[in-house]
Amino acid sequence: MATTDATTAAAAASPSSDDFAVGCILAVKTTLGDEFEAQIITFDKPSNVLVLQEGSKSAPRSNLRFLKANYIKEFTLLGQGDDPIDLKKCCLDINAIQAREEAAIRQAEIEAERIGVGVTGLAQSIFDALSKTLPVRWDKTAIVVMNEVRVSSPYLPENVIGGTTAANERVKKVLELERKKLQVRGPA
């Protein structure tokens, strides 16, 4: 069931909540130039936001699009579909969801370990700069480089201890160069 261009233009000019009934399948053109077909999952009148499901029912995956109704340039009613939120037909891959959650938690933990606790902004900047070329981690307020060399506050080359002579010298050299770069850029 398609509408005429005049009806489409009139509906797009002043869409009402009646135009956005759950289950309706629409061909949509947005003010940003996107064109797509989707089924209405819900319409939130106070925020003027449509939740649309793109993709066929037979496909294992579909996209959800959240769209402010005032970004709709025009739309055409293509028909009425089944209830888009039929729980009997809804399938979620719980294992995939749990795997994504675990990966996100691991990534957040890795990122949190890179943030020094009780250190200055300069110390964090030095850590970040060293981490670009060398494996580093925090041990309280000391930077541990290559699991053998320690750089303690105030993070100068003379504060580098431990490790082999070659590793110690390499860390001192990189630290010196990174401190020069940070001085050129200005305070952190």
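Side-chain N/O atoms of Q107 and E111 include a donor and acceptor closer than 3.5 Å.
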Taking it one step at a time, do F43 and N48 satisfy side-chain contact (heavy atoms from CB on, under 4.5 Å)? CA-CA 7 Å; F43 174 64; N48 201 30; 3.5 Å; yes

Taking it one step at a time, do F127 and V151 satisfy side-chain contact (heavy atoms from CB on, under 4.5 Å)? CA-CA 10 Å; F127 179 93; V151 184; over 6 Å; no

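Shown here is K172, whose NZ atom has more than 12 heavy atoms of other residues, nucleotides or ligands within 6.0 Å.
How far CD of E178 is from CG of D128: 10.5 Å, rounded to the nearest 0.5 Å.
In this structure, F75 and L50 have side chains that are not in contact, with every pair of non-hydrogen atoms separated by 4.5 Å or more. Side-chain contact between K68 and V49: present, with at least one pair of heavy atoms (C-beta onward) separated by less than 4.5 Å. Side-chain contact between N147 and P135 is absent, with no heavy atoms from C-beta onward closer than 4.5 Å. R170 places none of its side-chain heavy atoms less than 4.5 Å from the side chain of V145. Side-chain contact between E102 and I105: absent, with no pair of heavy atoms (C-beta onward) separated by less than 4.5 Å.
Following chains of ILVMFWY side-chain contacts shorter than 4.5 Å, one can reach F36 starting from F20, so the two form part of one hydrophobic cluster.
D34 meets the salt bridge (Lys or Arg N to Asp or Glu O under 4.0 Å) test with R65; sequence neighbours excluded.
Screening residues 132-159 for salt bridge (Lys or Arg N to Asp or Glu O under 4.0 Å) gives D139-R150 as the qualifying pairs, with residues at least two apart or on separate chains.
Relative ring orientation between Y155 and W138 is described as perpendicular, the plane-to-plane angle rising above 60° on a 0-90° scale split at 30° and 60°.
Comment: K173 does not engage E176 in a salt bridge, judged by the lack of any side-chain N to carboxylate O separation of less than 4.0 angstrom.
Q80 and I25 get closest at one heavy-atom pair: C-CD1, 4.4 Å.
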